[in-house]
Number of protein chains: 2
Amino acid sequence: MTTSVRQTRPPQPTLEMVAEVAGVSRATVSRVVNGSTRVGPEIVAAVTTAVEELNYVPNRAARSLASRQTQALALVVPEDMTRFFGDPYFAAVVQGITRRLDQSDFTLNLLVASSDPQHKTLRYLRSGNVDGALIISHHTGDDFVAELETTMPVVFGGRPANADNLEAYFVDVDNAAGADLGTQRLVDLGRRRIGTVTGSADMPAGIDRLTGFLRALERAGIPTDAVEHGDFTVQGGAAATRRLLERCPDIDGLFVASDLMGTGALDVLREHGRSVPGDVAVVGFDDSPAATRGSVPLTTVSQPSEEMGFAMADVLLRRLADDADDDDDDDDDDESVPHRTIMPTRLVLRESA
Amino acid sequence: MTTSVRQTRPPQPTLEMVAEVAGVSRATVSRVVNGSTRVGPEIVAAVTTAVEELNYVPNRAARSLASRQTQALALVVPEDMTRFFGDPYFAAVVQGITRRLDQSDFTLNLLVASSDPQHKTLRYLRSGNVDGALIISHHTGDDFVAELETTMPVVFGGRPANADNLEAYFVDVDNAAGADLGTQRLVDLGRRRIGTVTGSADMPAGIDRLTGFLRALERAGIPTDAVEHGDFTVQGGAAATRRLLERCPDIDGLFVASDLMGTGALDVLREHGRSVPGDVAVVGFDDSPAATRGSVPLTTVSQPSEEMGFAMADVLLRRLADDADDDDDDDDDDESVPHRTIMPTRLVLRESA
DNA sequence: CTGTGCTTTGAGAGCGCTCTCACGAATTGT
DNA sequence: ACAATTCGTGAGAGCGCTCTCAAAGCACAG
């Protein structure tokens, strides 16, 4: 019985100790632990027994120092904590990433880089804590990204804002096709006076969705003047809808670039005495929980957030694997990992259109 | 202009390189980088210049190997991803932890240990990735905790399930007192047929809140049979409320062990045509954003989730600091870090009761 | 019996850092 | 004045692991 207040924790077993117990060399234990095939079966057995007996777990720091890799990835989210936790989109993406990572032995480090001075995040990443980074919800102002890219492989979720960056790897949803799809639904419904509330004009997702909307209308030979800009918030969506209704009181179809804005639009429509989908059919985008929270369940363009997360992790892992192979033969071998991965969208029919 | 497909990343500068540029020894650079005061001012300047010139960032793995500590903590959440992201409680706790950590130079590793074989998580922790662990939402079945505690300092958020563990450090809210407070509100309102939807029976928070509820009812001389078990989810709360209504259609007061379940209860109550607080007064627990999201703003027992996170990190950091000091003088110095930290609750009056 | 080629194993050199120790210089006491 | 102490600095030994390289073992051909 120890009366000492603070019991010293037993030191973790080391490779050396395992080697001694198994009666082999350190190198051999390392081979067994790392699953090398070129080791005699009875030696494998002896080592395995020793490992279990000592309850040995390799030390990450040592391994990482020697092998110059960490088996860890970072997910960087330049967003504040509240926003991050509040948005189901992030939950889905993280879920997808971990699903992919569970198949490997990489681990994930979540970096919600909110208010905190981003230099701290950058420092963390640069100190060799991870082999690569995943970046989502990246805003135009986030310049630390450029520096990060010189340090390690990076994969974006969503097309990066600076268009000049053709070297960037990213996974995105086909926003234009999705918007086209959603708009086409309105056309198919026989609507002929169709407007849109766009997303932020300075974000790729906002721009691309407008592009898709215009494409669908032009194809149908419908005038494309009923466009009002929103900003991906409920309030912004409501205001844009109000302006639209004033300018084009006769609209009978409305494509809103996000479900969140869609709920704002729904409120304004009802406030103006328009029935949905009777007077005005409405299509949203995202298929977020917000879609079903409003007065009328929104028909919406669904994007595969979970799959996006999975794909992001997959692309990064493949880049990492490629880098590892290309030790000697660095000639023009065929590019195996695509720079851009575009995910499909699909229409989810509910009541609003 | 390089046509090579894959540009090799420049190697990170090392201490050695900085030493050479500054014209001093490796040891001295280390001293400057780690802020030792016992270095001549002009040497500090020379080193600082060299560090900036080379854009040097210390390598974590090497530092951690040599110093035998990582400057990182883990937050272990034995819960699935959906649950974790869905509950604002976790967001608040994480926020509190990071607020404390921002004052130190520790970093946080989030381990949402859901479905994933917990051995992977345990392995990760045991491979020396972190100096200590924070555990929240810990269920009775989670036995890996015992093993973890032999490896590193652990601090719990919420009283740990196994009561025999008197050595455990934890931060908890006074759940029983809070539940008592909330239930008393219903009594004060003149309600005489009061029921409850409990939390998970395998979690101390669930148990303690039930205890407080029962205590308040017994004190008021009210029967304590209207108890239904929930599981801290919206669906579970709704189901429990439905059962309760069926069994005791005459209840006029309801204490729900979490706001999330409270919103579920509110829905069911409305669906059964009961007005709140008219027919049934409802009191929740947590004071989470969910409290104001339902049809009726919930009167609720507020617990300082963010403060709890802060306190947890604080306790762990202090334990770590203590361990570091106790190299030589290990005599019976007074216990500076308390094993248990109990935070107060308070009642927040809104419309539901 | 020697030579060739293959496979299995061990020895040992780092990976980038911290930390102890020793040494010379500067400071103080007597 | 010289011994004693302090202070700033560098040398060097690891931390626990990986990985290259060479040695040892073995098979088979000549």
Side-chain angles (χ1 to χ4, degrees), chain A residues 10-47 50-51 54-72 105 123 126-129 131 324-325 327-328, chain B residues 10-47 50-51 54-72 105 123 126-129 131 151 324 327-328:
Chain A
Q12 294 285 340
T14 69
L15 247 206
E16 193 87 47
M17 295 163 66
V18 175
E20 195 177 359
V21 170
V24 296
S25 76
R26 214 169 54 239
T28 301
V29 177
S30 176
R31 288 191 188 94
V32 173
V33 169
N34 294 296
S36 164
T37 49
R38 342 188 111 271
V39 180
E42 65 285 343
I43 292 211
V44 170
V47 171
V51 164
L54 295 178
N55 199 9
Y56 169 75
V57 175
N59 178 303
R60 258 299 177 87
R63 176 178 284 193
S64 145
L65 220 211
S67 68
R68 320 185 110 279
Q69 50 172 22
T70 63
Q71 299 287 90
D105 42 37
R123 252 187 97 75
R126 288 229 309 137
S127 16
N129 277 293
D131 295 334
D325 290 345
D327 282 337
D328 14 35
Chain B
Q12 294 285 341
T14 69
L15 246 205
E16 193 88 48
M17 294 164 67
V18 175
E20 194 177 359
V21 170
V24 296
S25 76
R26 213 170 54 238
T28 300
V29 178
S30 176
R31 289 192 188 94
V32 174
V33 169
N34 294 297
S36 164
T37 49
R38 338 185 117 271
V39 181
E42 65 285 345
I43 293 213
V44 170
V47 171
V51 163
L54 296 178
N55 199 9
Y56 170 75
V57 176
N59 178 301
R60 243 329 162 78
R63 177 179 284 195
S64 143
L65 220 212
S67 67
R68 319 183 113 281
Q69 50 173 22
T70 63
Q71 298 288 90
D105 43 35
R123 252 187 96 77
R126 288 229 308 138
S127 20
N129 276 294
D131 295 335
T151 311
D327 282 336
D328 14 35

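Residue numbering restarts at 1 for every chain, and letters A, B, ... go by the order of the sequence lines. These numbers come from a predicted model, not from an experiment. Worth knowing before you read on, the calculation uses all heavy atoms, side chains too, and leaves out hydrogens, waters and symmetry mates.
- For dT18(C), the OP1/OP2 oxygens have no side-chain nitrogen or oxygen of Ser67(B) closer than 4.0 Å.
- Of the two residues contacting DNA chain D, namely Ala62(B) and Gly40(B), the nearest-nucleotide position lying further toward the 5' end is that of Gly40(B).
- In this model, the phosphate group of dT18(C) is approached by a side-chain N or O of Ser30(B) to a distance below 4.0 Å at OP1 or OP2.
- Side-chain contact between Pro58(B) and Arg123(A) is present, with heavy atoms from C-beta onward closer than 4.5 Å.
- Mapping Arg26(A) and Ala66(B) onto DNA chain C by nearest heavy atom places Arg26(A) closer to the 5' end of the strand.
- In this structure, Arg60(A) atom CZ and dC17(D) atom P are separated by 13 Å, rounded to whole Å.
- Arg68(B) has its CZ atom 11 Å from the P atom of dC19(C), to the nearest Å.
- Rounding to whole angstrom units, CG of residue Leu15(B) and C1' of dC19(C) are separated by 13 Å.
- One atom, CG of Leu65(A), and another, P of dC19(D), lie 13 Å apart when rounded to the nearest Å.
- Applying the 4.0 Å criterion to OP1 and OP2 of dG10(C), one finds that Thr28(A) has a side-chain N or O inside that range.
- Side-chain nitrogen and oxygen atoms of Arg63(A) include at least one within less than 4.0 Å of the OP1 or OP2 phosphate oxygen of dT18(D).
- Rounded to whole angstrom, the span from the CZ atom of Arg38(B) across to the P atom of dG24(C) amounts to 20 Å.
- Proximity of a side-chain donor or acceptor of Arg126(B) to a complementary backbone N or O of Asn55(A) within less than 3.5 Å is detected.
- Relative to the side chain of Asn59(B), the nucleotides dG16(D), dG16(C), dT9(D) differ in distance, and dG16(C) lies closest.
- One atom, CD of Gln12(A), and another, C1' of dC17(D), lie 15 Å apart when rounded to the nearest Å.
- One atom, CD of Gln69(B), and another, P of dC17(C), lie 16 Å apart when rounded to the nearest Å.
- Side-chain contact between Arg38(A) and Arg31(A): absent, with no pair of heavy atoms (C-beta onward) separated by less than 4.5 Å.
- Side-chain proximity of Ser25(B) to dA11(D), dT18(C), dT9(C): nearest is dA11(D).
- Atom CD of Glu20(B) is surrounded by 12 or fewer heavy atoms from other residues, nucleotides or ligands within 6.0 Å.
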* To do: Apply side chain to side chain donor-acceptor pair (under 3.5 Å) to Asp105(A) and Gln71(A), showing your working.
  => CA-CA 7 Å; Asp105(A) 42 37; Gln71(A) 299 287 90; 2.7 Å; yes
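- Comparing atom distances between the Tyr56(B) side chain and each of dC17(D), dC17(C), dC19(C) picks out dC17(C) as nearest.
- Rounded to whole angstrom, the span from the CZ atom of Arg31(B) across to the P atom of dG8(D) amounts to 10 Å.
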